4 protein chains.
Amino acid sequence: MGNGKGQEILETAVRLFRKQGYHATSVQDIADAVGLQKGSLYHYITGKEELLARIIAEGMQGYAQVLEEIVAQPLPARERLARAVRHHVAMIAENLGIYTVFLRERHALTPEQQKLVAESMRRYQALFERTVEEGIEQGEFRAVSPRLAAMLMLGAGNWLYQWFSPEGRLSATEIAEAFLDLFLRGLERGGGGGDAASERERSG
Amino acid sequence: MGNGKGQEILETAVRLFRKQGYHATSVQDIADAVGLQKGSLYHYITGKEELLARIIAEGMQGYAQVLEEIVAQPLPARERLARAVRHHVAMIAENLGIYTVFLRERHALTPEQQKLVAESMRRYQALFERTVEEGIEQGEFRAVSPRLAAMLMLGAGNWLYQWFSPEGRLSATEIAEAFLDLFLRGLERGGGGGDAASERERSG
Amino acid sequence: MGNGKGQEILETAVRLFRKQGYHATSVQDIADAVGLQKGSLYHYITGKEELLARIIAEGMQGYAQVLEEIVAQPLPARERLARAVRHHVAMIAENLGIYTVFLRERHALTPEQQKLVAESMRRYQALFERTVEEGIEQGEFRAVSPRLAAMLMLGAGNWLYQWFSPEGRLSATEIAEAFLDLFLRGLERGGGGGDAASERERSG
Amino acid sequence: MGNGKGQEILETAVRLFRKQGYHATSVQDIADAVGLQKGSLYHYITGKEELLARIIAEGMQGYAQVLEEIVAQPLPARERLARAVRHHVAMIAENLGIYTVFLRERHALTPEQQKLVAESMRRYQALFERTVEEGIEQGEFRAVSPRLAAMLMLGAGNWLYQWFSPEGRLSATEIAEAFLDLFLRGLERGGGGGDAASERERSG
DNA sequence: TATGAATGAGAGTTCATTCAT
DNA sequence: AATGAATGAACTCTCATTCAT
């Protein structure tokens with residue numbers, strides 16, 4: 001990390017993989033973009049796939065550790081969930097390249113590597129689920145499906161890689177707060193008591 | 001289209017593109033799976049990319065028309081939005097193959113085709129946004145960002161292609177209702193008055 | 001075998017591998033020699049190494065079976081040994097290309113394949129050894145080391161690949177008979193009684 | 001030559017060329033084995049091929065001079081031949097690496113170098129032939145083909161590189177004596193007078 | 001003396017596509 | 001409609017060698 005050419009190659013690969021996709025990006029493309037001969041790249045990389053693996057590993061490191069710390073803090077579930085969502089959105093927004101590659105190209109890895117990635121994602125998701133669960137247990141949240149609540153949040157967050165642009169009108173923070181505004185309202189025990197579905201019955 | 005072999009080839013391509021990705025699936029793979037020689041495939045298809053284009057076109061047809069009808073109905077915004085989400089979730093859950101390919105492989109199309117697809121998605125998203133907007137205008141919903149509300153819903157729904165399984169414990173309907181339960185609560189003007197953000201202030 | 005282009009490619013490979021060696025012969029060389037594009041070769045071969053493996057397998061088939069039949073015949077050991085040597089010499093002389101590749105390039109095979117080849121050669125050698133042994137047991141031969149007698153015969157025979165030429169003055173038959181004339185004399189119980197070593201003592 | 005590192009590189013190359021073959025051994029392999037960077041090797045060698053040439057030249061020196069002295073001595077042909085064979089066997093057994101490379105990899109040299117090597121081998125072989133011839137002229141040996149007698153001896157001896165092991169049960173001396181025991185018996189004028197072929201007639 | 005970055009040619013292989021049969 | 005031989009371009013990767021430091 002930070003070792004000049006090696007890092008430049010990695011970043012270039014992220015950029016090209018994001019723009020063209022992993023398969024559609026040739027080693028030649030990377031070499032051209034970085035100003036080296038094709039063969040020279042191999043002083044820095046073991047192979048094209050290892051490059052992808054490194055990018056994806058970087059993506060995995062980025063989220064796992066921080067999230068574990070967040071959800072372990074002695075705070076109300078709602079606050080922990082809020083922080084988790086902010087972290088999630090920020091992480092993707094600030095590393096769009098890496099997460100685009102991560103989310104879209106991980107299937108190009110070897111089956112073993114894919115298993116590691118899948119396991120990592122499962123753990124990440126489980127942290128969200130668990131936090132929702134705790135919120136329910138402690139009476140902060142309504143009795144929703146923790147699984148689906150987590151999937152909704154993660155899905156909405158991950159989808160950012162498809163549309164977020166740092167140059168866009170919306171900042172990552174604004175997005176996170178807007179999402180939370182909707183999420184948490186939906187989760188929290190409302191004053192009226194009934195769930196949205198039953199409210200729909202009444203009003204629909 | 002619809003003629004025996006031709007349809008079989010298309011479906012086989014969907015299955016293989018979904019499993020292995022577009023680039024990682026060779027014409028030979030498709031020929032093998034369909035029981036033809038590679039050369040014989042070309043009596044039915046123009047090329048590999050055209051096959052992808054047809055799959056993606058099928059995906060686009062699937063959602064556009066129906067959604068326009070839904071949001072045009074003379075119903076409360078909340079109800080229209082609910083139906084739209086149900087449609088969205090059902091469509092993806094019932095055509096996982098097509099939508100996986102659609103969402104993941106559309107970057108392999110020619111730039112012109114990609115533009116068409118992007119435009120189609122933009123229109124689709126606009127229908128959601130507009131409906132949220134109308135809900136706000138008519139006092140059904142809180143004053144949230146229609147753009148972000150739409151993105152949240154679409155993101156959560158699209159993400160299904162990554163985790164939904166027809167054999168799983170959760171049916172598409174259950175998922176759609178659970179999502180709506182959370183979405184709509186978040187959108188609706190709550191009894192308590194304060195927004196989630198300000199509540200967070202108090203409790204955080 | 002005999003299937004037109006496939007066989008032609010194999011024979012061309014034998015010729016080129018013999019002339020230039022396996023590593024120094026490129027797939028391009030073979031394609032050029034056979035009048036195809038490099039890529040077209042791959043309709044007939046799985047890879048360059050498989051080509052080598054096939055050549056070597058052909059070499060192994062050539063000797064193993066026939067020799068087993070020869071040494072199993074109800075004949076004096078001397079006669080069986082004579083026939084074995086004639087077979088060995090003829091086989092190499094008539095398939096110089098194959099045996100040159102076999103003897104010189106087998107190290108380019110995978111370790112597993114090399115093991116198979118080594119085992120095949122060991123069996124072949126064992127047949128020679130056993131025949132010498134039987135000749136000794138039955139009083140036809142002197143009490144020499146069967147191992148070394150076999151190695152001498154096989155070595156001299158194998159070496160043919162280095163110098164024999166079908167256009168040369170000496171025919172394979174002449175060579176075989178001359179070798180036998182020397183071999184068998186050395187093996188047989190001579191009239192004079194003493195072995196060469198002790199004679200050397202006397203005269204040296 | 002003889003200067004520490006240079007000699008170490010040469011010996012390492014011999015070892016690796018023998019184990020893996022010349023083409024399959026990369027300059028990197030040699031550098032690794034000798035504990036230098038690839039680029040540093042070029043302070044000691046001109047190139048990979050020159051390394052091979054030096055090894056082969058060393059092989060040629062090893063046999064040529066000594067053999068000339070042996071066959072020039074005023075001794076019976078049989079004794080000179082015996083000494084020549086002992087020398088040949090010892091030389092190969094004691095320099096297995098060099099002679100394996102010599103015999104197996106000389107085709108990787110330039111055509112000019114190959115010519116020199118071929119000429120050297122021809123001279124070597126001629127010394128054996130001439131000695132056999134002289135033995136025949138002087139009545140020590142039977143009237144065999146000197147060429148084939150030489151080929152038999154050289155072939156059996158050279159073949160050692162394929163099977164001899166310093167750790168094996170048989171010492172180089174034992175092998176040489178056993179070979180001689182068989183060779184010379186075959187060559188010498190036997191008491192019985194008839195040649196092996198005619199004996200075969202009688203007994204076969 | 002030693003490094004290691006860089007080269008550039010060439011290797012084996014894959015693959016979408018064409019076309020005569 | 002179906003074949004399968006053939007193409008030719010592109011691909012990833014290797015490697016002997018050079019050279020500024």
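Sequence lines set the chain letters: A, B, ... in the order given, protein chains first and strands last, and positions in each chain run from 1. The figures here come from the full heavy-atom set of this structure, side chains too, leaving out hydrogens, waters and symmetry mates. Since the structure is predicted, the reported quantities are computational estimates derived from the model, not experimental observations.
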Item to check | T100(A) side-chain N/O to L96(A) backbone N/O, donor-acceptor pair under 3.5 Å | outcome: yes
Checklist entry - Do side-chain atoms of E50(D) reach the backbone of T46(D) as a donor and acceptor pair under 3.5 angstrom? => result yes
Checklist entry - Considering heavy-atom distances to DNA chain F, does K5(B) or T46(A) have its closest nucleotide positioned more toward the 5' end? => result K5(B)
Item to check | Candidate nucleotides dT7(F), dA6(E), dT17(E), ranked by approach to the side chain of K48(B) - the nearest | outcome: dT17(E)
When the distance from [atom1] of [X] to [atom2] of [N] is rounded to whole Å, what number comes out?
{"X": "E8(A)", "N": "dA5(E)", "atom1": "CD", "atom2": "P", "answer": "14 Å"}
{"X": "H23(B)", "N": "dA10(F)", "atom1": "NE2", "atom2": "C1'", "answer": "12 Å"}
{"X": "H43(C)", "N": "dC19(E)", "atom1": "NE2", "atom2": "C1'", "answer": "13 Å"}
{"X": "E49(C)", "N": "dG12(E)", "atom1": "CD", "atom2": "P", "answer": "12 Å"}
{"X": "Y44(B)", "N": "dT17(E)", "atom1": "OH", "atom2": "P", "answer": "18 Å"}
{"X": "I45(A)", "N": "dA6(E)", "atom1": "CD1", "atom2": "P", "answer": "13 Å"}

From [atom1] ([X]) to [atom2] ([Y]), nearest 0.5 Å:
{"X": "E11(B)", "Y": "L16(B)", "atom1": "CD", "atom2": "CG", "result": "12.0 Å"}
{"X": "R106(C)", "Y": "M121(C)", "atom1": "CZ", "atom2": "CE", "result": "4.0 Å"}
{"X": "K5(D)", "Y": "L36(D)", "atom1": "NZ", "atom2": "CG", "result": "4.5 Å"}

Next on the checklist: If only side-chain N and O atoms count, and only distance matters, is there a donor-acceptor pair under 3.5 Å linking Q37(C) with S40(C)?
Outcome noted: no
Item to check | Shortest non-hydrogen separation from L41(B) to A31(B) and the atoms involved | outcome: CD1-N, 3.8 Å
Item to check | From CA spacing to verdict: side chain to side chain contact (heavy atoms under 4.5 Å, CB included), L51(A), I30(A) | outcome: CA-CA 11 Å; L51(A) 206 42; I30(A) 301 172; 3.9 Å; yes
Item to check | Close residues, residues 13-22 of chain B, relative to DNA chain E [heavy-atom separation under 4.0 Å] | outcome: none
Item to check | From CA spacing to verdict: ring pair (Phe, Tyr, Trp, His ring centres under 6.0 Å), Y99(A), Y161(A) | outcome: CA-CA 7 Å; Y99(A) 285 100; Y161(A) 90 83; 9.5 Å; no
Next on the checklist: Please give me every residue in residues 24-42 of chain A whose heavy atoms get under 4.0 Å of an atom in DNA chain F, ordered by residue number.
Outcome noted: T25(A), S26(A), V27(A), K38(A), G39(A), Y42(A)
Next on the checklist: The test is side chain to side chain contact (heavy atoms under 4.5 Å, CB included); show your working for Y22(B) and H23(A) and say whether it passes.
Outcome noted: CA-CA 9 Å; Y22(B) 172 73; H23(A) 280 106; over 6 Å; no
Checklist entry - With Watson-Crick and G-U wobble geometry limited to distances under 3.5 Å, how should the secondary structure of DNA chain E be encoded in dot-bracket form, using | for bases paired to another strand and [ ] for crossing pairs? => result .||||||||||||||||||||
Checklist entry - Any side-chain heavy-atom pair from F102(C) and Y63(C) closer than 4.5 angstrom? => result yes
